[in-house]
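Each remark here refers to the structure printed beneath this line.
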Amino acid sequence: MKKSQGFEGEVIIDIPQSIQNQCLKLPLIKSLFISRMGFYPKALHHYFQRPIGISQVIIIYCVDGKGWIQLQKKKAAIGAGEICIIPSGVPHSYGAVSSNPWTIYWFHLGGSLRDEIASAFSGNVNRPDVLQIGFSEERNALFKQITSTLLKGYSATNLLFANLTFQYYLATIIAPENFKVNADSDFKNNAIDKAIDFMQKNLSNTLTLDNIAQEAQLSASFFSRKFKQDTGYSPIEYFNHLRIQKSCQLLHFGELRINEIALSIGIEDPFYFSRLFKKHMGISPGTYRNNSRN
């Protein structure tokens, strides 16, 4: 059993396998990179059980509420300000406490050195080690920067920046005593950020280049050039990218039919939606749903 409708305010980024293969060819990040990541606020009924584990390492960082994690037959509670690492290939389960469900940031990690993460945290494959690392708005800001970078597309530059930033994020956990707070670390919005925020709030609507450029308060031609320069995508390509990421969440959690998911992101033709999904994710929506549930 797991939460079927998602969690209000959740974030999920699921890196396509073809892009993970690209990460394996980038020397600076091939040993450790993000394959999935997300944020679940007040995740009531959140529960996963994987009897044979998975090929990635999982990091779960709880910032509010309570949950539990079980590796093999050893179970441990996890609360606010605590983190746990689940090594690859280890049977495990975890979930939120129903009376006070956890709010968590989480990562799935690939790469040749992914299992070294557990060692860095003094992990043990036979029992869950839960470590207290406290809270940090700056660490959360790093998470947001990683997600915003990956949502801009999977260019080599974006993959490098996001995953190298993740290594810094990881360092703030492994060696928190060396983590210096920068009071000016807020990431300022610009015209591109405003446009992306506008897209995210209008995934179920039909947007044109003029609509988005107007929101950014730029001419359509200048905005289009600037957007592609910053993200590697045209505005409409990027908008479709956001739609597909949203559909991944609905496929992963929900019970909506494929055509209903297409309609929820503003696409009336389910066949066009399936083609667009396969173009971005490399597999059909139905296959993605089956894989996520198995």
Side-chain angles (χ1 to χ4, degrees), residues 1-15 34-51 53-54 56-71 74-88 90-109 117 121 123 128-137 139-148 150-151 166 169-170 173 200-201 203 242 245-256 261 264-265 288-289 291-294:
M1 171 187 173
K2 61 182 175 184
K3 178 67 174 175
S4 61
Q5 299 301 324
F7 315 105
E8 184 176 356
E10 71 185 3
V11 173
I12 299 177
I13 295 180
D14 202 340
I15 308 299
I34 299 164
S35 59
R36 299 186 75 217
M37 62 181 294
F39 170 68
Y40 292 165
K42 294 294 181 183
L44 183 63
H45 304 311
H46 182 216
Y47 171 77
F48 262 103
Q49 182 179 32
R50 299 184 177 100
I54 59 174
Q56 296 91 39
V57 165
I58 302 173
I59 295 178
I60 297 178
Y61 173 29
C62 179
V63 295
D64 191 31
K66 295 180 180 180
W68 56 270
I69 296 179
Q70 181 169 322
L71 302 186
K74 302 294 184 178
K75 189 173 182 179
I78 179 170
E82 295 181 327
I83 192 168
C84 187
I85 313 299
I86 301 176
S88 65
V90 175
H92 64 268
S93 58
Y94 53 79
V97 172
S98 58
S99 59
N100 184 18
W102 61 13
T103 293
I104 57 172
Y105 293 90
W106 55 269
F107 296 89
H108 289 198
L109 305 176
I117 299 300
F121 284 87
D129 278 334
V130 175
L131 304 177
Q132 176 63 241
I133 63 169
F135 306 93
S136 169
E137 287 300 322
R139 184 181 294 125
N140 295 343
L142 288 173
F143 181 93
K144 291 177 181 178
Q145 190 171 34
I146 294 168
T147 57
S148 66
L150 291 175
L151 284 172
F166 172 72
Y169 180 95
L170 202 58
I173 297 170
Q200 290 173 329
K201 291 177 180 177
L203 295 179
L242 293 178
Q245 282 294 331
K246 178 62 178 178
S247 68
C248 285
Q249 297 178 29
L250 295 173
L251 288 164
H252 186 75
F253 285 111
E255 301 298 331
L256 294 176
I261 291 174
S264 74
I265 59 170
Y288 181 89
R289 169 170 273 169
N291 289 349
S292 70
R293 293 182 176 183
N294 293 325

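Residues: numbered from 1 along the sequence shown.
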Inset, instruction - Report yes or no: does T103 contribute a side-chain atom to a donor-acceptor pair with the main-chain N or O of K42 at less than 3.5 Å? - result: yes
Inset, instruction - Taking all heavy atoms of L71 and all of P87, pick out the closest pair and write down the distance. - result: CD1-CD, 4.1 Å
Inset, instruction - Give a yes or no on whether Q132 atom CD has more than 12 heavy-atom contacts from other residues, nucleotides or ligands under 6.0 Å away. - result: yes
Inset, instruction - Please answer whether the main-chain N or O of G79 pairs with a side-chain N or O of E82 as donor and acceptor at a distance below 3.5 Å. - result: yes
Legend entry - V11 vs K144, side chain to side chain contact (heavy atoms under 4.5 Å, CB included): CA-CA, chis, key distance, verdict: CA-CA 10 Å; V11 173; K144 291 177 181 178; over 6 Å; no
Inset, instruction - May I ask you to test the F166-L142 pair for a side-chain heavy-atom distance under 4.5 Å? - result: no
Legend entry - Spatial distance of atom CG (L151) from atom CD (Q245) [nearest 0.5 Å]: 6.0 Å
Inset, instruction - Test I117 against I59 for side chain to side chain contact (heavy atoms under 4.5 Å, CB included), laying out the working first. - result: CA-CA 9 Å; I117 299 300; I59 295 178; 4.2 Å; yes
Inset, instruction - Give a yes/no verdict on a cation-pi contact between R50 and F48, requiring under 6.0 Å between NZ or CZ and the six-membered ring centre and an angle within 45° of the axis. - result: yes
Inset, instruction - Show your reasoning for whether side chain to side chain contact (heavy atoms under 4.5 Å, CB included) applies to L109 and R36. - result: CA-CA 7 Å; L109 305 176; R36 299 186 75 217; over 6 Å; no
Legend entry - Shortest non-hydrogen contact from I78 toward C62: CG1-CB, 4.0 Å
Legend entry - Sidechain-backbone polar pair: S35 side chain, H108 backbone, donor-acceptor under 3.5 Å: yes
Legend entry - Over all atoms of both residues, closest heavy-atom pair of C84 and I69: CB-CD1, 3.4 Å
Inset, instruction - Check whether any side-chain heavy atom of M37 lies under 4.5 Å from a side-chain heavy atom of D14, and answer yes or no. - result: no
Legend entry - Between F107 and F143, ring centroids under 6.0 Å: yes
Inset, instruction - Quick one: do E10 and Q249 satisfy side chain to side chain contact (heavy atoms under 4.5 Å, CB included)? Show the steps, please. - result: CA-CA 9 Å; E10 71 185 3; Q249 297 178 29; 3.1 Å; yes
Legend entry - L242 side, atom CG; L203 side, atom CG - distance, nearest 0.5 Å: 6.0 Å
Legend entry - From NZ (K246) to CD1 (I12), nearest 0.5 Å: 8.5 Å
Legend entry - Closest non-hydrogen atom pair, G134 against Y61: O-OH, 2.7 Å
Inset, instruction - Of all the heavy-atom pairs spanning A77 and V130, show the shortest one and how long it is. - result: O-CG2, 3.6 Å
Legend entry - Closest non-hydrogen atom pair between R289 and L251, with its separation: NE-O, 3.4 Å
Inset, instruction - Step through it carefully: locate the ring centre of Y40, locate the ring centre of W106, and say whether they are under 6.0 Å apart. - result: yes
Inset, instruction - Starting at OH of Y105, measure out to CZ of F39 and round the result to the nearest 0.5 Å. - result: 4.5 Å
Inset, instruction - With rounding to the nearest 0.5 Å, note down the distance linking CD1 in I133 to CD1 in I83. - result: 4.0 Å
Legend entry - Close side-chain approach of I85 to I58, heavy-atom, < 4.5 Å: no
Inset, instruction - Give, for atom OG of S98 and atom CG of L44, the distance between the pair rounded to the nearest 0.5 Å. - result: 7.0 Å
Inset, instruction - Compute the centroid of each ring, for Y47 and then for Y94, and state whether the two points are separated by less than 6.0 Å. - result: no
